[in-house]
K.L.:
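The structure's right below; bear with me while I get my questions together.
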Amino acid sequence: MPKETFLANRIKSVGFALRGALLLIKTEASIKIQVFITLIMTGVGFYYEISNTEWILQIFAIALVLGIEGLNTAVEKISDFVQPEFDKKIGLIKDISAGAVMFVSIAATIVGCIIYLPKIF
């Protein structure tokens with residue numbers, strides 16, 4: 001069987017990534033909430049005509065939250081697969097993963113406040 005070209009392999013990888021992103025959005029409540037917030041904040045950004053730099057910071061904050069939330073979901077799914085029954089160590093792993101989401105969510109909220117509070121008040 002001939003080896004796939006680099007380009008064909010990359011296209012296939014993008015397809016897998018898109019499938020994973022859609023699965024996250026369809027199946028995970030936390031991601032649905034984050035996507036909803038993303039849409040609202042994008043609209044708010046257009047309303048207040050934020051600068052290019054502010055858009056960059058907002059997009060980066062949103063992407064970081066969504067990315068870490070996706071990784072948190074993956075950690076939870078792997079943990080449940082490895083140990084379906086309650087396990088104190090697995091619980092600790094899940095808590096640490098959720099804590100990472102909390103850190104980036106707080107940072108994203110601070111970025112949003114820095115961008116929007118001066119415009120609102």
Side-chain angles (χ1 to χ4, degrees):
M1 181 175 347
K3 186 177 176 186
E4 287 183 344
T5 66
F6 176 79
L7 183 60
N9 198 353
R10 294 300 95 212
I11 291 170
K12 211 184 255 190
S13 293
V14 169
F16 294 142
L18 285 172
R19 186 177 77 190
L22 289 174
L23 269 170
L24 271 170
I25 293 168
K26 286 180 183 177
T27 62
E28 297 300 318
S30 57
I31 293 290
K32 288 178 185 177
I33 293 166
Q34 297 297 346
V35 169
F36 179 72
I37 292 168
T38 294
L39 295 173
I40 288 174
M41 295 314 297
T42 300
V44 171
F46 283 116
Y47 179 80
Y48 284 107
E49 299 178 352
I50 62 177
S51 70
N52 286 345
T53 303
E54 290 167 332
W55 273 115
I56 290 167
L57 292 170
Q58 178 168 300
I59 290 167
F60 185 72
I62 288 168
L64 194 58
V65 169
L66 290 173
I68 297 298
E69 190 74 65
L71 288 173
N72 177 53
T73 299
V75 166
E76 288 179 356
K77 299 288 185 195
I78 290 170
S79 296
D80 291 343
F81 179 77
V82 169
Q83 179 53 276
E85 303 300 319
F86 176 79
D87 183 287
K88 206 172 183 179
K89 290 180 184 177
I90 293 292
L92 178 65
I93 291 166
K94 288 180 170 185
D95 289 348
I96 290 168
S97 183
V101 174
M102 187 184 76
F103 285 145
V104 296
S105 295
I106 290 169
T109 301
I110 292 168
V111 168
C113 288
I114 290 169
I115 294 171
Y116 292 108
L117 287 180
K119 294 173 185 340
I120 294 169
F121 298 109

K.L.:
For residues Leu7 and Ile11, determine if any side-chain heavy atom of one lies less than 4.5 Å from a side-chain heavy atom of the other.
P.N.:
yes
K.L.:
Could you check if a side-chain atom of Glu28 sits within less than 4.5 angstrom of a side-chain atom of Gln34, using non-hydrogen atoms only?
P.N.:
no
K.L.:
Taking distance alone, no hydrogens or angles, what donor-acceptor pairs closer than 3.5 Å link side-chain atoms of residues 85-93 to residues at least two apart or in another chain?
P.N.:
residue, atom, partner, partner atom, Å
Asp87, OD1, Lys89, N, 2.8
Asp87, OD1, Ile90, N, 3.2

K.L.:
Tell me, with the steps shown, if Ile33 and Ile37 meet side chain to side chain contact (heavy atoms under 4.5 Å, CB included).
P.N.:
CA-CA 6 Å; Ile33 293 166; Ile37 292 168; 3.9 Å; yes
K.L.:
Where do Ser79 and Glu76 land on the side chain to side chain contact (heavy atoms under 4.5 Å, CB included) test, with the steps shown first?
P.N.:
CA-CA 5 Å; Ser79 296; Glu76 288 179 356; 5.6 Å; no
K.L.:
Near Lys32 NZ, under 6.0 Å, is it more than 12 heavy atoms from other residues, nucleotides or ligands?
P.N.:
yes
K.L.:
Working to the nearest 0.5 Å, report the span between CE of Met102 and CD1 of Ile68.
P.N.:
13.5 Å
K.L.:
Taking all non-hydrogen atoms of both residues, which atom of Gly70 and which atom of Leu24 are closest, and how far apart?
P.N.:
CA-CD1, 3.9 Å
K.L.:
Of all the heavy-atom pairs spanning Trp55 and Thr42, show the shortest one and how long it is.
P.N.:
CH2-O, 3.4 Å
K.L.:
How would you list, by chain and number, every residue that makes a side-chain contact (heavy atoms from CB on, under 4.5 Å) with Ile25, sequence neighbours excluded?
P.N.:
Ile31, Val35
K.L.:
At what distance, to the nearest 0.5 angstrom, does OG1 of Thr38 lie from CG of Leu66?
P.N.:
4.5 Å
K.L.:
Below 3.5 Å, can you tabulate the donor-acceptor pairs from side chains in residues 107-121 to any protein atom, sequence neighbours excluded?
P.N.:
residue, atom, partner, partner atom, Å
Thr109, OG1, Ser105, O, 2.8
Tyr116, OH, Gly45, N, 3.3
Tyr116, OH, Gln58, OE1, 2.5
Lys119, NZ, Glu54, OE1, 3.4
Lys119, NZ, Glu54, OE2, 3.2

K.L.:
Quick check: do Lys94 and Asp80 have side-chain heavy atoms less than 4.5 Å from each other?
P.N.:
yes
